Amino acid sequence: MTDAGPGAPLERPEIETALGALTGWTLSEAGPIAKTFTFKDFSRAFAFMTRVALLAEKAGHHPDWSNSYNSVEIALITHDKGGVTRKDLDLARAIEAL
Ligand SMILES: C[C@H](O)[C@H](O)[C@H]1CNC2=NC(N)=NC(=O)C2=N1
């Protein structure tokens with residue numbers, strides 16, 4: 001069951017269809033959409049995180065993420081709504097466009 005309206009959590013099939021257009025993003029069992037990015041070194045990973053942080057702040061929508069050396073794991077979910085919404089898909093697309 002989901003609430004109607006533009007900010008509502010999306011159904012899994014709808015999320016999976018949207019992810020079909022994005023490379024490497026998966027829908028986890030627990031809810032978020034996620035992708036792990038790997039870079040040449042920590043400096044490049046952190047530069048990427050800085051750019052994502054600026055995007056996220058501009059969007060008012062923020063990733064759950066972790067970094068280990070050259071790897072950045074990003075999970076996107078709308079906590080306020082308890083599921084994946086358009087905002088998460090939009091942020092994933094914006095990250096891909098970097
Ligand atoms: C008030 C403010 O807009 C909310 O707390 C926002 C901030 N960033 C957010 N980011 C994410 N990923 N999920 C949220 O529910 C969320 N809520």
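What you are looking at is a predicted structure, and each value in this text was computed from that prediction instead of being measured. Order of appearance sets the numbers: ligands from 1, and atoms from 1 within every ligand. Count residues from 1 along the sequence.
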Any chance you could measure F37, atom CZ, to M49, atom CE, to the nearest 0.5 Å?
-> 11.5 Å
Partner residues of N67 under the side chain to side chain donor-acceptor pair (under 3.5 Å) criterion, sequence neighbours left out | none
Give a yes or no on whether the backbone of T23 and the side-chain of K35 come within a donor-acceptor separation of less than 3.5 Å.
-> yes
According to the side chain to side chain donor-acceptor pair (under 3.5 Å) rule, which pairs have a member within residues 44-59, sequence neighbours left out?
-> D41-R44, E57-H62
Is there a donor-acceptor pair closer than 3.5 Å between any side-chain N or O of N70 and the backbone N or O of T38?
-> no
Select all protein residues for which some heavy-atom-to-ligand 1 distance is less than 4.0 Å, and list them by chain and number.
-> G60, H61, H62, I77, T78, H79, D80
With sequence neighbours excluded, what pairs up with A97 under the side chain to side chain contact (heavy atoms under 4.5 Å, CB included) test?
-> none
